[in-house]
Amino acid sequence: MRYDLVIFDNDGVLVDSEPISNTILAGYLTELGHPTSYEDSLRDYMGAAVHRVHDLVLERTGRRLPADFDETLHSRVFAAFERELEAVQGTDAVLGKLVVDGVAYCVASSGSHERIRVGHRKTGMDAWFRDENIFSAQDVGRGKPAPDLFLHAAERMGVAPERCVVVEDSPLGVAAARAAGMDVYGFTAMTAARKLVGANGYFVDMAELPGLLA
(Lines give C-alpha, C1' and ligand atoms only; values in the text may rest on other atoms or scores of the structure.)
Protein backbone atom coordinates (compact mmCIF):
# COMPACT_ATOMS: atom_id res chain seq x y z
CA MET A 1 0.00 0.00 0.00
CA ARG A 2 1.20 3.51 -0.81
CA TYR A 3 0.30 4.93 2.60
CA ASP A 4 1.37 4.31 6.19
CA LEU A 5 -1.84 5.64 7.77
CA VAL A 6 -5.46 5.70 6.61
CA ILE A 7 -7.52 8.39 8.36
CA PHE A 8 -11.27 7.86 8.20
CA ASP A 9 -13.90 10.49 8.72
CA ASN A 10 -16.66 9.02 10.87
CA ASP A 11 -20.11 10.37 10.02
CA GLY A 12 -21.15 9.19 6.58
CA VAL A 13 -17.95 7.16 6.06
CA LEU A 14 -17.90 4.60 8.86
CA VAL A 15 -21.43 5.06 10.19
CA ASP A 16 -24.46 6.12 8.16
CA SER A 17 -25.32 9.00 10.47
CA GLU A 18 -25.59 12.02 8.19
CA PRO A 19 -29.26 11.54 7.18
CA ILE A 20 -30.23 11.06 10.83
CA SER A 21 -28.24 13.92 12.34
CA ASN A 22 -29.03 16.47 9.63
CA THR A 23 -32.74 15.71 9.76
CA ILE A 24 -32.69 16.33 13.51
CA LEU A 25 -30.50 19.45 13.24
CA ALA A 26 -32.71 20.99 10.56
CA GLY A 27 -35.83 20.30 12.61
CA TYR A 28 -34.35 21.72 15.81
CA LEU A 29 -33.11 24.91 14.14
CA THR A 30 -36.53 25.40 12.54
CA GLU A 31 -38.17 24.84 15.92
CA LEU A 32 -35.95 27.62 17.34
CA GLY A 33 -37.06 30.08 14.67
CA HIS A 34 -34.26 29.52 12.15
CA PRO A 35 -36.04 27.80 9.22
CA THR A 36 -33.69 25.14 7.89
CA SER A 37 -34.39 22.35 5.42
CA TYR A 38 -32.61 19.00 5.37
CA GLU A 39 -30.82 20.13 2.20
CA ASP A 40 -29.77 23.39 3.92
CA SER A 41 -28.30 21.41 6.79
CA LEU A 42 -26.31 19.13 4.50
CA ARG A 43 -24.98 22.11 2.56
CA ASP A 44 -23.99 24.22 5.55
CA TYR A 45 -23.11 21.77 8.31
CA MET A 46 -22.24 18.33 6.93
CA GLY A 47 -18.76 17.42 8.13
CA ALA A 48 -18.52 20.36 10.52
CA ALA A 49 -18.18 20.62 14.27
CA VAL A 50 -21.18 21.98 16.15
CA HIS A 51 -19.51 25.36 16.71
CA ARG A 52 -20.08 26.05 12.99
CA VAL A 53 -23.84 25.94 13.62
CA HIS A 54 -23.50 28.59 16.32
CA ASP A 55 -21.22 30.72 14.15
CA LEU A 56 -23.42 30.68 11.04
CA VAL A 57 -26.66 31.32 12.91
CA LEU A 58 -25.12 34.28 14.73
CA GLU A 59 -23.59 35.63 11.51
CA ARG A 60 -26.87 35.34 9.57
CA THR A 61 -29.38 36.43 12.21
CA GLY A 62 -27.48 38.28 14.91
CA ARG A 63 -29.05 35.90 17.43
CA ARG A 64 -27.29 33.35 19.59
CA LEU A 65 -28.55 29.81 19.97
CA PRO A 66 -29.73 28.78 23.44
CA ALA A 67 -27.10 27.88 26.03
CA ASP A 68 -28.38 24.29 26.11
CA PHE A 69 -28.43 23.92 22.31
CA ASP A 70 -25.55 21.42 22.13
CA GLU A 71 -26.88 19.30 24.98
CA THR A 72 -30.39 19.14 23.50
CA LEU A 73 -29.16 18.45 19.98
CA HIS A 74 -26.85 15.68 21.12
CA SER A 75 -29.50 14.01 23.27
CA ARG A 76 -31.91 13.92 20.32
CA VAL A 77 -29.25 12.66 17.92
CA PHE A 78 -28.00 9.98 20.32
CA ALA A 79 -31.53 8.72 20.94
CA ALA A 80 -32.07 8.43 17.18
CA PHE A 81 -28.73 6.65 16.79
CA GLU A 82 -29.84 4.02 19.31
CA ARG A 83 -32.97 3.41 17.23
CA GLU A 84 -31.71 3.69 13.67
CA LEU A 85 -27.96 3.92 13.15
CA GLU A 86 -26.13 1.37 11.02
CA ALA A 87 -22.56 0.99 9.81
CA VAL A 88 -21.79 2.00 6.24
CA GLN A 89 -21.92 -1.17 4.17
CA GLY A 90 -18.51 -2.64 3.46
CA THR A 91 -16.55 -0.90 6.22
CA ASP A 92 -15.82 -4.13 8.10
CA ALA A 93 -14.20 -5.63 5.02
CA VAL A 94 -12.05 -2.55 4.42
CA LEU A 95 -10.88 -2.38 8.03
CA GLY A 96 -10.21 -6.11 8.07
CA LYS A 97 -8.00 -5.81 5.00
CA LEU A 98 -6.01 -2.98 6.61
CA VAL A 99 -5.40 -5.18 9.65
CA VAL A 100 -4.28 -8.11 7.48
CA ASP A 101 -1.99 -5.81 5.46
CA GLY A 102 -0.52 -4.28 8.62
CA VAL A 103 -1.57 -0.72 7.69
CA ALA A 104 -2.35 1.67 10.54
CA TYR A 105 -5.71 3.44 10.57
CA CYS A 106 -7.65 5.84 12.75
CA VAL A 107 -10.78 7.98 12.79
CA ALA A 108 -10.72 11.80 12.85
CA SER A 109 -14.19 13.25 13.25
CA SER A 110 -15.79 16.65 13.68
CA GLY A 111 -18.12 14.97 16.15
CA SER A 112 -17.50 14.83 19.87
CA HIS A 113 -15.84 11.83 21.49
CA GLU A 114 -19.19 10.90 23.01
CA ARG A 115 -20.91 11.02 19.62
CA ILE A 116 -18.22 8.86 18.04
CA ARG A 117 -18.44 6.25 20.77
CA VAL A 118 -22.24 6.14 20.87
CA GLY A 119 -22.27 5.47 17.14
CA HIS A 120 -19.50 2.91 17.30
CA ARG A 121 -21.16 0.94 20.10
CA LYS A 122 -24.43 0.82 18.17
CA THR A 123 -22.87 -0.29 14.88
CA GLY A 124 -20.07 -2.56 16.08
CA MET A 125 -17.33 -0.16 14.99
CA ASP A 126 -16.02 -0.33 18.56
CA ALA A 127 -14.52 -3.69 17.58
CA TRP A 128 -12.14 -1.80 15.28
CA PHE A 129 -11.46 1.45 17.15
CA ARG A 130 -10.03 2.10 20.61
CA ASP A 131 -9.07 5.29 22.44
CA GLU A 132 -5.63 5.35 20.87
CA ASN A 133 -6.96 5.65 17.32
CA ILE A 134 -10.00 7.90 17.86
CA PHE A 135 -9.58 11.65 17.36
CA SER A 136 -12.22 14.38 17.62
CA ALA A 137 -12.42 18.07 16.80
CA GLN A 138 -12.67 18.42 20.60
CA ASP A 139 -8.94 17.63 20.69
CA VAL A 140 -7.90 20.69 18.66
CA GLY A 141 -8.66 24.39 18.53
CA ARG A 142 -10.22 24.47 15.07
CA GLY A 143 -12.37 21.93 13.26
CA LYS A 144 -12.56 21.20 9.54
CA PRO A 145 -11.86 22.84 7.07
CA ALA A 146 -8.78 23.74 9.13
CA PRO A 147 -6.10 21.04 8.91
CA ASP A 148 -5.57 20.86 12.69
CA LEU A 149 -7.53 17.66 13.36
CA PHE A 150 -5.85 15.61 10.63
CA LEU A 151 -2.40 16.90 11.58
CA HIS A 152 -3.10 16.05 15.22
CA ALA A 153 -4.17 12.51 14.29
CA ALA A 154 -1.06 11.99 12.16
CA GLU A 155 1.22 13.25 14.92
CA ARG A 156 -0.40 11.05 17.56
CA MET A 157 -0.16 8.03 15.25
CA GLY A 158 3.48 8.82 14.49
CA VAL A 159 3.12 9.20 10.72
CA ALA A 160 4.24 12.12 8.52
CA PRO A 161 1.36 13.93 6.77
CA GLU A 162 2.65 13.06 3.31
CA ARG A 163 2.38 9.35 4.20
CA CYS A 164 -1.28 9.69 5.22
CA VAL A 165 -4.46 9.35 3.19
CA VAL A 166 -7.87 10.61 4.30
CA VAL A 167 -11.27 9.10 3.46
CA GLU A 168 -13.92 11.83 3.46
CA ASP A 169 -17.45 12.52 2.29
CA SER A 170 -17.78 16.27 2.89
CA PRO A 171 -16.36 19.36 1.15
CA LEU A 172 -15.10 20.66 4.50
CA GLY A 173 -13.27 17.41 5.16
CA VAL A 174 -11.66 17.29 1.73
CA ALA A 175 -10.48 20.89 2.18
CA ALA A 176 -9.03 20.03 5.59
CA ALA A 177 -7.14 17.04 4.22
CA ARG A 178 -5.66 19.06 1.37
CA ALA A 179 -4.67 21.83 3.79
CA ALA A 180 -2.89 19.19 5.88
CA GLY A 181 -0.85 18.10 2.86
CA MET A 182 -2.52 14.69 2.69
CA ASP A 183 -4.04 12.75 -0.18
CA VAL A 184 -7.81 12.34 0.13
CA TYR A 185 -10.40 10.13 -1.52
CA GLY A 186 -14.00 11.27 -1.71
CA PHE A 187 -16.82 8.89 -0.80
CA THR A 188 -19.75 9.84 -3.02
CA ALA A 189 -22.57 7.76 -1.57
CA MET A 190 -24.24 10.99 -0.35
CA THR A 191 -22.17 13.81 -1.82
CA ALA A 192 -21.62 14.30 -5.56
CA ALA A 193 -18.01 14.16 -6.71
CA ARG A 194 -18.28 17.68 -8.14
CA LYS A 195 -18.77 18.99 -4.59
CA LEU A 196 -15.66 17.25 -3.26
CA VAL A 197 -13.26 19.54 -5.06
CA GLY A 198 -9.60 18.68 -4.60
CA ALA A 199 -9.96 14.95 -3.90
CA ASN A 200 -7.43 12.63 -5.53
CA GLY A 201 -10.19 10.28 -6.57
CA TYR A 202 -13.75 9.21 -5.84
CA PHE A 203 -15.65 6.04 -5.00
CA VAL A 204 -19.29 5.23 -4.33
CA ASP A 205 -18.89 1.75 -2.80
CA MET A 206 -16.52 0.82 0.03
CA ALA A 207 -15.47 -2.24 -1.96
CA GLU A 208 -13.66 0.15 -4.32
CA LEU A 209 -11.53 1.79 -1.63
CA PRO A 210 -8.73 -0.82 -1.20
CA GLY A 211 -7.96 -0.60 -4.91
CA LEU A 212 -7.59 3.18 -4.70
CA LEU A 213 -5.18 2.94 -1.77
CA ALA A 214 -3.00 0.18 -3.23
Check your understanding: For Leu95 and Phe8, what are the C-alpha separation, side-chain angles and deciding distance, and is it a side-chain contact (heavy atoms from CB on, under 4.5 Å)?
Key -> CA-CA 10 Å; Leu95 293 167; Phe8 291 92; 3.8 Å; yes
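- No donor-acceptor distance shorter than 3.5 angstrom exists from the side chain of Asp44 to the backbone of Ser41, with no hydrogens or angles considered.
- At distances below 3.5 Å, at least one donor-acceptor pair connects side-chain atoms of Thr36 with backbone N or O atoms of His34.
- Remark: side-chain polar atoms of Arg2 are paired, donor with acceptor, to backbone N or O of Ala214 under 3.5 angstrom.
- Met190 and Val13 are members of different hydrophobic clusters when ILVMFWY side chains are connected at heavy-atom separations under 4.5 Å.
- Rounded to the nearest 0.5 Å, atoms OG1 (Thr91) and CE (Met125) are 3.5 Å apart.
- Sorted by first and then second residue, the ring pair (Phe, Tyr, Trp, His ring centres under 6.0 Å) pairs involving residues 162-193 (not counting sequence neighbours) are Phe187-Phe203.
- You'll find the side chain of Asp4 stays beyond 4.5 Å of the side chain of Cys164, heavy atoms only.
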Exercise for review: Any chance you could lay out the side-chain contact (heavy atoms from CB on, under 4.5 Å) test for Trp128 and Val99, step after step, and finish with the verdict?
Suggested key: CA-CA 9 Å; Trp128 300 103; Val99 170; 3.9 Å; yes
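- Note that CE of Met157 and NE2 of His152 are 11.0 Å apart. Values are rounded to the nearest 0.5 Å.
- One distance of note links CG of Leu73 with CZ of Phe78; it measures 8.5 Å at 0.5 Å rounding.
- Taken together through direct or relayed side-chain contacts under 4.5 Å among Ile, Leu, Val, Met, Phe, Trp and Tyr, Leu5 and Leu212 form parts of separate hydrophobic clusters.
- By the neighbour-count criterion of 12 heavy atoms within 6.0 Å, atom CD of Glu84 is densely surrounded, having more than that number from other residues, nucleotides or ligands.
- Aromatic pair Tyr28/Phe69: ring centres closer than 6.0 Å.
- Between the CG atom in Leu65 and the CG atom in Leu58 there is a gap of 8.5 Å [rounded to 0.5 Å].
- The two residues Glu168 and Phe150 come nearest to each other via the heavy atoms OE2-CZ, 3.5 Å.
- Annotation for Arg64: atom CZ does not count as buried by contact number, only 12 or fewer foreign heavy atoms lying within 6.0 Å.
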**Study point:** Intermediate values then yes/no, salt bridge (charged side-chain N to carboxylate O under 4.0 Å, His left out), Arg76 and Glu31
**Key:** CA-CA 13 Å; Arg76 294 182 183 187; Glu31 177 186 317; 3.1 Å; yes
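- With contacts defined as side-chain heavy-atom distances shorter than 4.5 Å, the pair Val166/Asp9 does not qualify.
- For the pair Tyr105/Val94, no side-chain contact is recorded, criterion being any heavy-atom separation below 4.5 Å from C-beta on.
- Side-chain atoms of Asp70 and His54 include a donor-acceptor pair closer than 3.5 Å.
- Here Asp92 does not pair with Lys97 in a salt bridge; the nearest charged N to carboxylate O distance is not below 4.0 Å.
- Taking all atoms of both residues into account, the shortest heavy-atom contact from Leu196 to Pro171 is CD2-N, 3.5 Å.
- Arg115 and Ser136 share no donor-acceptor pair across their side chains, judged by distance under 3.5 Å alone.
- One distance of note links CD1 of Ile20 with CZ of Arg83; it measures 8.5 Å at 0.5 Å rounding.
- Between Met46 and Leu172 the shortest heavy-atom distance is O-CD1, 3.8 Å.
- Between Arg63 and Gly33, the shortest heavy-atom contact is NH1-O, 3.8 Å.
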Exercise for review: Would you sort out whether Val167 and Ile7 count as a side-chain contact (heavy atoms from CB on, under 4.5 Å), showing the intermediate values?
Suggested key: CA-CA 6 Å; Val167 183; Ile7 303 176; over 6 Å; no
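- Linking ILVMFWY side-chain heavy atoms closer than 4.5 Å, directly or via other members, places Leu213 and Val174 in two distinct hydrophobic clusters.
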Exercise for review: Just do the side-chain contact (heavy atoms from CB on, under 4.5 Å) check on Phe81 and Ser17 with the steps written out, would you?
Suggested key: CA-CA 8 Å; Phe81 280 3; Ser17 52; 3.6 Å; yes
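- Within 6.0 Å of CD in Gln89 there are 12 or fewer heavy atoms belonging to other residues, nucleotides or ligands.
- Under the 3.5 Å distance criterion, the side-chain polar atoms of Ser170 are matched with a main-chain donor or acceptor of Gly173.
- Residues Tyr3 and Asp183 have side chains that bring a donor and an acceptor to within less than 3.5 angstrom of each other.
- With respect to Arg156 and Glu132, no salt bridge is recorded, no charged nitrogen being found less than 4.0 Å from a carboxylate O.
- Under the 3.5 Å distance criterion, the side-chain polar atoms of Lys122 are matched with a main-chain donor or acceptor of Leu85.
- Distance alone, capped at 3.5 Å, is enough to place a donor-acceptor pair between the Ser75 side chain and the Thr72 backbone.
- Taking Ile, Leu, Val, Met, Phe, Trp and Tyr as members and joining any whose side-chain heavy atoms lie under 4.5 Å apart, directly or through other members, Val100 forms no hydrophobic cluster with any other residue.
- In Glu155, the CD atom is not crowded: 12 or fewer heavy atoms of neighbouring residues, nucleotides or ligands sit closer than 6.0 Å.
- For Arg43, the CZ atom is densely surrounded, since the number of other residues' heavy atoms within 6.0 Å is greater than 12.
- Between the side chain of Asn22 and the backbone N or O of Glu18 there is at least one donor-acceptor pair closer than 3.5 Å.
- Pro145 and Ala179 make their closest contact through O-CB, 4.4 Å (heavy atoms, listed as atom of the first residue, atom of the second, distance).
- A salt bridge does not link Glu82 with Arg121: none of the charged nitrogens is closer than 4.0 Å to a carboxylate oxygen.
- Salt bridge status for Arg60 with Asp55: absent, with no side-chain N to carboxylate O gap under 4.0 Å.
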Review point. Checking side chain to side chain donor-acceptor pair (under 3.5 Å) for the pair Asn10/Ser109: CA distance, chi angles, key distance, verdict?
Key: CA-CA 5 Å; Asn10 189 58; Ser109 172; 4.5 Å; no
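- Residues Val107 and Leu149 fall into different hydrophobic clusters, defined by Ile, Leu, Val, Met, Phe, Trp and Tyr side chains chained together at heavy-atom separations under 4.5 Å.
- Residues meeting the salt bridge (charged side-chain N to carboxylate O under 4.0 Å, His left out) test with Asp169, sequence neighbours left out: none.
- In this structure, Leu151 and Pro161 approach most closely via the heavy-atom pair CD2-CG, 3.8 Å.
- Put simply, Val6 and Val159 are part of two different groups of oily side chains (I, L, V, M, F, W, Y) that touch within less than 4.5 Å, one to the next.
- Atom CD1 of residue Ile134 and atom CZ of residue Arg117 lie 4.0 Å apart, to the nearest 0.5 angstrom.
- Here the side chain of Asp205 pairs a donor or acceptor atom with the backbone of Ala207 at under 3.5 angstrom.
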